[in-house]
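Here the structure comes first, spelled out in structure tokens, and everything after it is commentary.
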Amino acid sequence: MRPMEPIGTGHQLALRMAARFPREDWIAPLVARTGLSRQTIEWHLHEETELPADILAVAAELLSSPERDREEGSVGDNLLTEDDLPSR
């Protein structure tokens, strides 16, 4: 993630995380690092409201991780659908 890119709403973050970490449980690190329940994080990811600061901070760390870029190559803007969001 570039520093100038805003993360936005929970829904927008979910789409971005799904594009960056395809076929991975990217919610697990959010749960582990924030101390929030998976249910709480998934609820926020379905909403079109501003995310709590702790979720934003961890998501920004995950999205900007240079190790992931080297391991997987740079991920372009993938078009995602509602099916790519975590289930409720």
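The model shown is predicted, which means the values in this text are computed figures rather than measured ones. Residue numbers start at 1 and run along the sequence shown.
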### Query
Side-chain contact, heavy-atom cut-off 4.5 Å: Ile41 with Ile55?
yes
### Message
Please enumerate all residues that pass salt bridge (charged side-chain N to carboxylate O under 4.0 Å, His left out) together with Asp54, with sequence neighbours excluded.
### Response
none
### Query
Mind checking whether Leu13 and Leu45 have side chains closer than 4.5 Å, heavy atoms only?
yes
### Message
Side chains of Leu63 and Phe21, heavy atoms from C-beta outward: is any pair under 4.5 Å?
### Response
yes
Which atom pairs, donor and acceptor, lie under 3.5 Å between side-chain atoms of residues 28-35 and protein residues at least two apart or in another chain?
| residue | atom | partner | partner atom | Å |
| --- | --- | --- | --- | --- |
| Arg33 | NH1 | Glu61 | OE1 | 3.3 |
| Thr34 | OG1 | Leu30 | O | 2.6 |
| Thr34 | OG1 | Leu36 | N | 3.2 |

### Message
Measuring only between side-chain heavy atoms, which start at C-beta, is Leu62 closer than 4.5 Å to Met17?
### Response
yes
### Message
The criterion is side chain to side chain contact (heavy atoms under 4.5 Å, CB included); which residues satisfy it with Ser37, sequence neighbours excluded?
### Response
Gln39, Thr40
### Query
Which residue, His44, Arg38, His46, forms the side chain to side chain donor-acceptor pair (under 3.5 Å) with Glu42?
Arg38
